[in-house]
Amino acid sequence: MNRILAKTQLSDDVYMMRLDAPHIARERLPGQFVILQLDNDYGERIPLTIADADPAEGSLTIIFQAVGKTTHNLADKAVGESVVSVLGPLGQPTHIEKFGTVVCVGGGIGVAPLHPIVKGMKQAGNRVIVIVGARNRKLVILEEQMRALADEFIVCTDDGSYGRKALVTEPLKEVCARIPKPELAVAIGPPVMMKFCAEATRPFGVHTLVSLNTIMIDGTGMCGGCRVTVGGQTKFVCVDGPEFDGHKVDFDNMMQRLKAYRKHEDTAHHQCHLDAEIQAKERSLS
Amino acid sequence: MSHITPEALAEAAHRELDAILKKTAPLTPKERIAIPVQDMPTQDPEVRRKNVQEVALGYTPEQARLESMRCLQCRNAPCVQGCPVRIDIPGFLKAAAAGDFLGACAVIKKNSLLPAVCGRVCPQEVQCQEHCTVGKSLKSVDKAVSIGRVERYVADLERDSGKAVSPVIKPATGKKVAVIGSGPASVTVAADVRREGHQVVMFEAFHKPGGVLVYGIPEFRLPKAIVQKEIDALLAMGVEIKTNFVIGRTRKLKALIEEDGFDAVFIGTGAGLPKFMNIEGENLVGVFAANEYLTRANLMKAYDFGRADTPIYRAGRVAILGGGNVAMDAARTAVRLGAAEVHVIYRRTEVEMPARVEEIAHAKEEGVIFHLLENVSRVMGDENGCVKAVECLRYELGEPDASGRRRPVEIKGSEFIRDVEAVIVAIGNDSNPLIPRTTEGLKTTKWGNIIVDETGKTSIDGVYAGGDIVLGAATVILAMGEGRRAAASINERLK
Ligand SMILES: Cc1cc2nc3c(=O)[nH]c(=O)nc-3n(C[C@H](O)[C@H](O)[C@H](O)COP(=O)(O)OP(=O)(O)OC[C@H]3O[C@@H](n4cnc5c(N)ncnc54)[C@H](O)[C@@H]3O)c2cc1C
Ligand code: FES
């Protein structure tokens, strides 16, 4: 049982929640995630990235978009109520060291998991350029926190309602074209965005990490449901990832696998949350 | 074989037992052997294809007694040699034959903690029943005394009677033991260690305890309520169970000892790392490891279409790759999810299939189609990346390999295509590397199995291991046996 300590609505359907989870808060490192479940008998298990953690308070901050049944129900929960199952921290932590200049790109709620990475990269002494993208002004999250951490901060919106009217790939290319070029790029967001970020950095030879959010069940390497093809090899996102070399990930295969249950979901409440999320993101990026 | 109704089986047993009880002289061996094998009453295949309720319904009391009477009470008890935990089989069958079912269960429980489970899932035909003299004299292992069915009967009866004696817990010792995982190995360790008065905390990664017994083996073969009873028994003994707690991530193993004050740790994390075939198309949409497919269906209850949030892939034609229990479970689950055709594809022949004979028979009765001496060489997809067919190769049996089984050899140029929309890979599991990777100094084999000595001790002082993480994917009874052994060493250490 994990009590909800705080809840904030960040935009129409994006929420931030602080959960009581002392063990996870103590162990988690940037790049890791949790799997959460609201009903132990019939509920689904969904992976959610960790936006922040406070070991002293024993709390964990998650940011999620209410797109499917579980995330909607989660959004409906009030402070003081509990989440029955939270498992974590899962996955390999981000490899953080002093690289030099690191460009971090976040799209939509991908900005949430990017936040601890930016923090870590900054603490390790890197110069950090942050590029944040969203469909419109209302969907830009964690702007202040990111601005405070970043050496250079670029925000873009698809509709131009805030910052530059551009997709994140545009400023990313410009940053990569600078001399000297950044040592590392980290891109987190919807699959299409990560795919195009990887394509953007490829010609410049800038090593690019992406953080994949596939369908998962156990999160411990047991089921193989989260597998992706990376450099022609099968990898399990939950234990080998979630971060991989974006230049090697087979994004098309991954996106197809994310849609696996589309035709199997007939009733409205069964509408797969991942599906909806992808559709929304695809719309936003098209 | 046509399906015999449970009523007909009960009726026949009733008559048979009446006739025997009328006799005054003790049964001669010849008479015992002449008693017909008591078939397990089952749900009609046509009915059970559409439900997830247990297939085997269990003996009637008359059947249990008759089957037990078939035992010759051999002095050398070859069956006991075949039992991994050396249950006094003639002893419990003697009690059951006399109608003392609770007494029979008590005999089993001296050696086995989980008779209701083992009676259902043990591969008896290659263990106790393989050595049975009755089977030998009737020249068929199918005609051996059905030891497992009687075991199941007496265990169910004891459970439902409410007369099961809860174990006595010795006074608190102040010592603390961590048990990682909650499968049969861990359940056994928890019970045996707790009994000595030590505090036991069990850590399970999933949201429900039970290991493979809850996430892998389907309801129709092992009702989850039975596993839950075993878990409830642990709780009643005062074992603390922490679910959603993955050792190596939520807490490192060493921290349990160095910071949390545990005096010993048992690792029973199972063999959860699905193998794939490394063939083209294996990551297409519609290809699943059996672990995923079965976990969705069992633990996540995806078969309950209206209620469960977890979806499961429903395809008209499903190919299952493999020939073990996991493959049979996946095939029969696919049947229940409404697949029109379920094809089991296996490289060798039926004799080499590692699955329990009963599971193969049940699968056939339910309409599963078997393709032997055949293997998939490639999975083919459509323009959306979804499975549309598999390319298969025919095989023949060559010379015996190291395991003594004849090696399957592919027939060059024998490729052909089978149209299917889903592929379930059930070719085995390797050991999950999470704990070894996060625990410095824990020695493993090159296959990732944790190395233990004859007392279940690992390379780290105070840390023990057992079950599939040590043996590689094995069986419930072996996991339980390993748990017993490790628990004995732990109890010895904490004396
Ligand atoms: C589908 C299927 C059918 C089978 N059918 C049969 C059969 O008919 N007869 C038979 O005898 N055997 C059968 N087996 C094999 C049998 O189930 C196993 O041999 C047995 O369950 C092994 O027991 P165990 O205690 O070692 O581990 P498991 O039952 O595998 O349990 C391990 C538990 O540890 C948990 N865990 C893993 N890592 C961690 C961690 N780091 N921290 C916390 N928890 C962790 C897992 O979530 C799991 O719950 C079958 C197996 C499968 C998969
Ligand atoms: S989620 Fe099951 S293996 Fe990754």
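Labels below follow one simple rule: chain letters A, B, ... track the order of the sequence lines, proteins then strands, and each chain is numbered from 1.
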Could A/E27 and B/K252 be called an ion pair, given the rule that one side-chain N must be under 4.0 Å from one carboxylate O?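 Yes, charged N to carboxylate O under 4.0 Å.
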
Using heavy-atom distances under 4.5 Å, tell me whether [X] contacts chain B through its side chain, its backbone, both, or neither.
X      : result
A/R28  : neither
A/Q32  : side chain
A/N253 : side chain

Do you know which of [options] has the most heavy-atom pairs with chain B at a distance under 4.5 angstrom?
options                      : value
A/V86, A/I35, A/D250, A/V239 : A/V86
A/G224, A/S85, A/A21         : A/S85
A/I24, A/D39, A/D252, A/T234 : A/T234

Could you tell me if the side chain of [Y] sits less than 4.5 Å from the side chain of [X], heavy atoms only?
X      : Y      : value
B/R296 : A/I217 : yes
A/Y42  : B/T310 : no
B/Y215 : A/M222 : yes
A/L38  : B/D309 : no
B/F206 : A/R45  : yes

Check whether more than 12 heavy atoms from other residues, nucleotides or ligands sit under 6.0 Å from atom [atom1] of [X], and answer yes or no.
X      : atom1 : value
A/K248 : NZ    : no
A/E97  : CD    : yes
B/K176 : NZ    : yes

Taking side chain to side chain donor-acceptor pair (under 3.5 Å) as the test, write out the residues that go with B/E259, two or more places apart.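 By the side chain to side chain donor-acceptor pair (under 3.5 Å) rule, B/E259 matches B/R251.
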
Could you verify whether a donor N or O on one side chain and an acceptor N or O on the other, from B/N283 and A/R257, lie under 3.5 Å apart?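 No - no donor-acceptor pair under 3.5 Å links their side chains.
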
Who passes ring pair (Phe, Tyr, Trp, His ring centres under 6.0 Å) against A/H23, sequence neighbours left out?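 For A/H23 the ring pair (Phe, Tyr, Trp, His ring centres under 6.0 Å) partners, ignoring immediate neighbours, are B/F245.
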
Check B/R307, B/K208, B/K224 against A/D41 for a salt bridge (charged side-chain N to carboxylate O under 4.0 Å, His left out) and give me the one that passes.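 Considering B/R307, B/K208, B/K224, a salt bridge (charged side-chain N to carboxylate O under 4.0 Å, His left out) with A/D41 is found only for B/K208.
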
For chain A, which residues from residues 427-438 of chain B lie under 4.5 Å away (heavy-atom distances)?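 Hits under 4.5 Å: B/N432, B/R437.
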
Can you pull out the residues in residues 286-295 of chain B with any heavy atom less than 4.5 Å from chain A?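 Listed by number: B/V287, B/F288, B/A289, B/N291, B/E292, B/T295.
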
Would you compute the distance between atom CZ of B/R249 and atom CD of A/Q92 and round it to the nearest 0.5 angstrom?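 Rounded to the nearest 0.5 Å, the CZ-CD separation comes to 5.0 Å.
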
To the nearest 0.5 Å, what is the distance between CE (B/M300) and CG (A/D218)?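 Those atoms lie 10.5 Å apart.
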
If you look at every heavy atom in A/F236 and B/F276, which pair is closest and at what distance?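 That closest heavy-atom pairing would be CZ-CE1, 3.8 Å.
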
